[in-house]
Amino acid sequence: MQIETPVVIVTGASRGIGRAIAAEFGRAGYHCVIAARDAAELDSLADELATAGAPRALVVAGDLRDPAQPQRVVEAALAAFGRLDAVVNNAGATKRGDFMALADDDFIDGFALKFHGAVRMCRAAWAPLKESRGCIVNIVGIGAHTPVAEFTIGGPVNSALINFSKALADRGRGEGVRVNTLCPGHIATDRLTKRIEVFAREQGLSYDEAEAAMRAKQGLTRYGKPEEIAKAVRFLCSAEAGYINGTNLDVDGGATPGI
Ligand SMILES: NC(=O)c1ccc[n+]([C@@H]2O[C@H](COP(=O)([O-])OP(=O)(O)OC[C@H]3O[C@@H](n4cnc5c(N)ncnc54)[C@H](OP(=O)(O)O)[C@@H]3O)[C@@H](O)[C@H]2O)c1
């Protein structure tokens, strides 16, 4: 039975899905180490967590494309709390659009954060996770297994991250660390709002018309909520999921057409 307060690192916690994940872990009694670039947003999340009665939150602001940043985040977590139980690699920002309009730098940047940032975080966190018999959840995206023309960066980044996570789970089964991935479908965050705004401009529609048209095209009655992703992530990190390792969980309202 675990008696110490567990500790989780959540990247991309300043807004959207990552913020909801941190809030969920805070409610569940974790110390949350919250990482992203926007220190003010992270501070406001730490205040929210404190107000909600969660254990201590630690803000570690910085750019996770910087090769040294994941190690800094892990060191800060260990210095503050002396242990680490879970890591959720959620930070991601890949450009979408016409392939012919995307440059090498866009591809390099997409991989720098969501793939290399997560890989470095897994490496930095591995030893303390091995000690706590902890777990990693890498937030990926349904573009990993349903390639679409306008997502030529995010799709490959996501596929690569699933492949890497599965390989790490293979190592983890011998070392007591579980590694899983979760693919959100279409989730209502700022990222989705921006996509709807672009679609509205392109099609000459109002925001509401564009939202309805996009959803109809995607065959959805509604978009997912960040909280619905957060609850699934926390389940993957819980004792109830103790034999789930090397698995991908789609939380997409059924949007993925394949099997
Ligand atoms: N929303 C969806 O429908 C959807 C669908 C599939 C997959 N996903 C995946 O889910 C994850 C979260 O998506 P979201 O919609 O919540 O995105 P979002 O609202 O754009 O938030 C992205 C988060 O990543 C952080 N971030 C961006 N660049 C960073 C950098 N260089 N260094 C450190 N942190 C950085 C951002 O914080 P700062 O700007 O403060 O750094 C923010 O906290 C992403 O990996 C995304 O690919 C989302």
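First listed ligand is number 1; within each ligand, the first listed atom is number 1.
Proximity of K114 to ligand 1, defined as any heavy-atom pair under 4.0 Å, is confined to the side chain (atoms from C-beta onward). Residue contacts with ligand 1, taken as heavy atom pairs separated by less than 4.0 Å, involve H186 solely via the backbone atoms N, CA, C and O. The backbone of A13, and not its side chain, has at least one atom closer than 4.0 Å to an atom of ligand 1 (non-hydrogen atoms only; backbone = N, CA, C, O). Residue T94 does not touch ligand 1, judged by heavy-atom distances below 4.0 Å. Under 4.0 Å from ligand 1, heavy atoms of L64 appear from its side chain as well as its backbone. With a heavy-atom cut-off of 4.0 Å, I17 touches ligand 1 through backbone and side chain alike.
Classification of R222 and E228 as a salt-bridged pair holds, one side-chain N sitting under 4.0 Å from a carboxylate O. The residues E4 and R83 are annotated as salt-bridged, a charged nitrogen and a carboxylate oxygen being separated by less than 4.0 angstrom. By the 4.0 Å N-to-carboxylate-O rule, E211 lies close enough to R215 to be salt-bridged with it. A salt bridge links R65 with D109: the distance from a Lys NZ or Arg NE/NH1/NH2 to an Asp or Glu carboxylate oxygen falls below 4.0 Å. A salt bridge does not link R27 to E227: none of the charged nitrogens lies less than 4.0 Å from a carboxylate oxygen.
When the heavy-atom distances from atom 13 (O) of ligand 1 to R195, R37, R191 are ranked, the shortest goes to R191.
No more than 12 heavy atoms of other residues, nucleotides or ligands shown are found within 6.0 angstrom of CZ on F99.
L249 and I136 are members of different hydrophobic clusters when ILVMFWY side chains are connected at heavy-atom separations under 4.5 Å.
Residue G185 places at least one N or O, backbone or side chain, under 3.5 Å from an N or O of ligand 1.
With ligand atoms numbered from 1 in the order given, ligand 1 contributes 36 (C), 37 (O), 38 (P), 40 (O), 42 (C), 43 (O) to contacts under 4.0 Å with heavy atoms of S14. Atom numbering of ligand 1 starts at 1 in the shown order; those under 4.0 Å from a heavy atom of V140 are 7 (C), 8 (N), 9 (C). Against a heavy-atom cut-off of under 4.0 Å, N90 is close to the following atoms of ligand 1: 10 (O), 11 (C), 12 (C), 44 (C), 45 (O). Atoms of ligand 1 found under 4.0 Å from any heavy atom of A91 (numbered from 1 in listed order, with element): 24 (O), 34 (N), 45 (O).
Distances from ligand 1 to the non-hydrogen atoms of G62 include at least one value under 4.0 Å. At a 4.0 Å cut-off, not a single heavy atom of E41 sits close enough to ligand 1 to count as contact.
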| request: May I have the step-by-step check of salt bridge (charged side-chain N to carboxylate O under 4.0 Å, His left out) for E175 and R133, ending in yes or no? | output: CA-CA 8 Å; E175 300 189 12; R133 300 186 78 78; over 6 Å; no
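When only modelled atom types and interatomic distance are considered, Y30 and E24 share no side-chain donor-acceptor pair under 3.5 Å.
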